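Working notes, beginning with the structure itself.
Because only heavy atoms are used, hydrogens play no part in the values below, and waters and symmetry mates are left out as well, while side chains stay in. As the structure is a computational prediction, the values presented were derived from the model and not from experiment.
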Amino acid sequence: MDVNHAHGQECPERQRSAEAVAGGSGAEPVVRARTRGRAVEWLTTTDHKQIGTLYLVSAFVFFLVGGALALLMRAELARPGTQIVSNEQFNQAFTMHGSIMLLLFAMPLFTGFANWIMPLQIGAPDVAFPRLNMLSYWLFLFGSLIAAGGFLTPQGAASFGWFLYAPLSNEVFSPGIGADMWIMGVALSGFGSILGAVNFITTIICMRAPGMTMFRMPIFTWNVLLTGVLVLMVFPVLAAALFALECDRRFGSHIFDAANGGALLWQHLFWFFGHPEVYILALPFFGIISEVVPVFARKPMFGYMGLVAATISIAGLSVTVWAHHMYVTGGVLLPFFSFMTFLIAVPTGVKFFNWIGTMWKGSLSFETPMLWATGFLVTFLFGGLTGVILASPPLDFHVSDSYFVVAHFHYTLFGTVVYAMFAGFHFWWPKWTGKMLDERLGKITFWTLTAGFNLTFLVQHWLGAEGMPRRYADYLAADGFTALNTLSSIGSFLLGLAILPFLHNVWRTAKYGRKVHVDDPWGYGRSLEWATSCPPPRHNFTTLPRIRSESPAFDLHHPEVAALAERAERAERAAVQG
């Protein structure tokens, strides 16, 4: 690749052609009028920043759809009896809510953040394969629309749960084209994820700027790399299982027949994908938190190497714990999977030490991104503690398939994905758009959402402990679940309401927001994206700063601190050699 081109400068051929158009006499070059419309430009773009925006916008739209389905279910469960939807419609709602939130919202959200930020952080002009990047987005979008399009069929969308347990997912118990659309749509979308992972891994390995060694990479980039490896390990397993299931449904094969042990086979295949998928969703958002905390603590990341090691450990251990979803089947080795599940909590705990250690004695300020990051720490910690309870088979037997599990995974997944999403939005919005989101509206969103979220899901732990099963459309007044369900439903509508100030914030910022005229509006940005303009040029950098540490942008904007650190490092080396 041409170095001038890579660093955002015009290549010589283009400069010569511009001079020729200008008559070569020092006159101003003639700017060719743009013939393509904005819509065509966005539909055909191979710019990683525009593709990142497409992913983020698509993901957020699916977030709103998935949230609407959640509110529909909570409205139904607010009181005993069937009020709004039938049992079958309720089954479709929880199936599509789970599928949309995990596969059509959280996955493209990660891909959107990775597309936008990762090439900037390593000093690359774009991803390694820009056209493959575009193909990945369109595979995701069309696959997702096919999966969600089941609602338009006569019998409605898929209703077998987002986990498609056999034999419930066969053609006898789940007739209708909506189920087939779900299976093939998710498979198609999954291919987009696989191709995206190939692209990210290649970009990180091959396209880092001079001086950007592996152990100078930002934590977010490390997490994208490890997430890409996990995607390559488990998404092909999901694709194979989905195609085998479709063969059962359409061609009469007997791969997942219960008589042949197919029910257990499906669970092993699905959860071998499904549990690493949780870490595929968590790791990039841990990375966002690891970018936000040092900037607002005004300190470098505490224990950088330990944090990278913990991330690698989580990625490795994530493929050894899948059967903790299967304790109650009686078909798995409980001591092994219980031990491995306890073990994976250790590197996650190490990450908490890194985050808290970075904040410790730092010059903390709680602008909106830091507020969301702190909310993540509290929420995810609580979800992790209930995960330790569920990792213990004797306790899991009692609360399996109850609302306790629903509460647990919403604290872990919502606490990670949504809190870190808003932290990332507020943190990088000036880099993306050149305008700062409104702080007051951001804080209103945070406190409203936090109150609504905890009211919705905290009480569900008690519902589960009292014995309310999940995925039920109804319960009896005599069960004693009414009060807590009503509280949970009130909380869910408060949670839904919290999205409105954010949407208003986006509109208001676009229309009236103040322009950012500096590379680093936060003042203490550490990674390389804060060393280019807001928003960046087409190929990201006009010049690259020297990269001599894991905080190149901070070194550029605070040379006096960088000089002190360099002197200290030299003195330390001399002391070791002496």
Side-chain angles (χ1 to χ4, degrees), residues 61-105 144-165 168-183 185-186 401-407 409-410 413-414 452-453 455-457 459-460 463-464 466-500:
V61 169
F62 279 118
F63 177 55
L64 298 178
V65 174
L69 289 170
L71 294 182
L72 184 67
M73 288 186 286
R74 283 310 329 161
E76 176 58 58
L77 288 167
R79 313 300 290 172
T82 305
Q83 282 88 232
I84 301 166
V85 292
S86 67
N87 289 355
E88 169 61 18
Q89 287 168 330
F90 189 88
N91 290 350
Q92 291 181 21
F94 78 69
T95 298
M96 294 311 295
H97 166 72
S99 309
I100 286 170
M101 288 307 201
L102 288 164
L103 301 169
L104 315 188
F105 157 60
S144 300
L145 291 174
I146 290 167
F151 281 118
L152 304 176
T153 63
Q155 287 163 296
S159 60
F160 39 43
W162 76 276
F163 35 78
L164 299 87
Y165 278 179
L168 178 62
S169 55
N170 68 20
E171 73 286 356
V172 176
F173 299 115
S174 294
I177 198 78
D180 298 297
M181 289 174 70
W182 191 101
I183 293 165
V186 167
D401 264 341
S402 77
Y403 263 81
F404 190 90
V405 180
V406 176
F409 72 67
H410 281 86
L413 278 176
F414 191 104
F453 170 76
L455 184 58
T456 306
F457 293 108
V459 298
Q460 290 184 8
L463 275 172
E466 287 177 14
M468 181 171 176
R470 62 177 172 170
R471 309 186 193 119
Y472 276 31
D474 195 10
Y475 54 93
L476 295 172
D479 289 332
F481 302 145
T482 308
L484 289 175
N485 265 307
T486 305
L487 269 179
S488 186
S489 293
I490 291 167
S492 70
F493 278 88
L494 183 60
L495 173 53
L497 203 64
I499 305 302
L500 296 180

With rounding to the nearest 0.5 Å, note down the distance linking [atom1] in [X] to [atom2] in [Y].
X      : Y      : atom1 : atom2 : value
Tyr165 : Asn170 : OH    : CG    : 16.0 Å
Leu455 : Phe493 : CG    : CZ    : 12.5 Å
Phe62  : Leu145 : CZ    : CG    : 5.0 Å
Ser144 : Leu104 : OG    : CG    : 4.0 Å
Phe90  : Leu72  : CZ    : CG    : 8.5 Å
Met181 : Ile146 : CE    : CD1   : 7.0 Å

Phe63 meets the ring-ring contact (aromatic ring centres under 6.0 Å, His included) criterion, sequence neighbours left out, with Phe60, Phe105

The ring-ring contact (aromatic ring centres under 6.0 Å, His included) partners of Phe404 (sequence neighbours excluded) come to His461

How about [X] and [Y]: do any of their side-chain heavy atoms sit closer than 4.5 Å?
X      : Y      : value
Leu69  : Gln92  : no
Trp182 : Val186 : yes
Phe414 : Thr456 : no
Val65  : Phe151 : no
Glu76  : Asp474 : no
Pro80  : Thr482 : yes
Leu463 : Tyr475 : no
Met468 : Leu77  : yes

Side-chain donor/acceptor pairs under 3.5 Å, residues 155-162, sequence neighbours excluded:
unit_1	atom_1	unit_2	atom_2	d
Ser159	OG	Glu88	OE2	3.2

Can you tell me if [X] uses its side chain to pair, donor with acceptor, with the backbone of [Y] under 3.5 Å?
X      : Y      : answer
Arg74  : Asn485 : yes
Asp180 : Ile183 : no
Ser492 : Leu71  : no
Ser489 : Thr486 : no

Of all heavy-atom pairs linking Ser174 and Ser169, the shortest is OG-CA, 3.9 Å

His410 and His97 aromatic ring geometry - parallel, tilted or perpendicular at 30°/60° bounds = parallel

### Residues Glu466, Tyr403; criterion side chain to side chain contact (heavy atoms under 4.5 Å, CB included); working and verdict
CA-CA 9 Å; Glu466 287 177 14; Tyr403 263 81; over 6 Å; no

